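Below is one structure, written out as structure tokens, with a few remarks after it.
Predicted model, so just to flag it, every value in this text is computed and none were measured. For this chain, numbers begin at 1 and follow the sequence in order.
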Amino acid sequence: MTRAVRLSTYLLIALLAWGAGLRVAPSASAQIIADPAYYASVVEAQPEPTSFTLPVGSALHVVLQTPVSTAINHVGDPVEAAVSQPLYIGRTLVLGKQARLLGRVTVCEVPVQGENATLGIRFDRLTQDDGAQLPVVAHVQTDRPGHVWGGELTPGTKFRAIPYHVWGIGAYNRVVLDGPRQMGAHIQWLPGERMTLILESPLTLTPLSAD
């Protein structure tokens, strides 16, 4: 039952008792029913939760702070990202704008002829607004298997006509790229790139001051 419904119920009981001519002597219980401020103070006095746990699969939206490129980076290089917006659970602030996610490059393969570069980043540490650090297990959400970018095959370098036969239409030539494949391209992410991190283990956070 919500606070508003409880308060309405108590006020209705008090009005019915008054309307029926009942003579209720002033008492502490009568004050609780008749005084909304008293009831509100009792509700507000209930203790707030001391921690909140984000379950596996929760998403954290971040903004990249360090440039990352398959042209210059190597596996193990540090990567930093900032929380893109404060995170609230209900009315409680648990991550502010000063929070930082720290991680590393986990996959960094340069492009080759026929295949684009491959890049992977994982995050393993959270620095909260007050400087406290927590372990994190999270990957960056991508559209490729293994939570990486790149690795696509490149098209060929020569055009070739391939004959096709369609019943009722006849034969025709379809032009496709064939022959040796093109050289692959590097992957580069600049500061300001927005990313979504997916938690692979629960993350317990303590409430922060909204100031």
Exercise. Is a side-chain donor-acceptor pair under 3.5 Å present for His61 with Gln85?
Worked result: no
Sidechain-backbone polar pair: [X] side chain, [Y] backbone, donor-acceptor under 3.5 Å:
X	Y	answer
Asn116	Pro111	no
Thr66	Glu80	yes
Arg144	Gly150	yes
Thr106	Gly120	yes

What's the spacing between [X] [atom1] and [Y] [atom2] if we round to 0.5 Å?
X	Y	atom1	atom2	answer
Trp149	Ile187	CH2	CD1	8.0 Å
Gln65	Leu102	CD	CG	10.5 Å
Leu95	Tyr88	CG	OH	11.0 Å
Leu199	Phe123	CG	CZ	12.0 Å
Arg104	Asn73	CZ	CG	14.0 Å

For this session: State plainly whether one hydrophobic cluster holds both Val112 and Leu119, where clusters connect Ile, Leu, Val, Met, Phe, Trp and Tyr through side-chain heavy atoms under 4.5 angstrom apart.
Result: no
Exercise. Pick one: which of Val56, Leu126, Val137 meets side chain to side chain contact (heavy atoms under 4.5 Å, CB included) with Leu203?
Worked result: Leu126
Side-chain heavy atoms of [X] within contact of [Y], under 4.5 Å:
X	Y	answer
Thr118	Thr70	no
Val62	Val140	no
Cys108	His74	no
Val68	Asp77	no
Gln128	Thr206	yes
Leu190	Leu64	no

Exercise. Using a side-chain heavy atom cutoff under 4.5 Å and only I, L, V, M, F, W and Y, what cluster partners does Val148 have?
Worked result: Val107
Exercise. Going through the distances and angles, do Leu60 and Leu54 end up as a side-chain contact (heavy atoms from CB on, under 4.5 Å)?
Worked result: CA-CA 10 Å; Leu60 295 177; Leu54 303 181; 4.1 Å; yes
For this session: Of all the heavy-atom pairs spanning Ala138 and Leu197, show the shortest one and how long it is.
Result: CB-CB, 4.3 Å
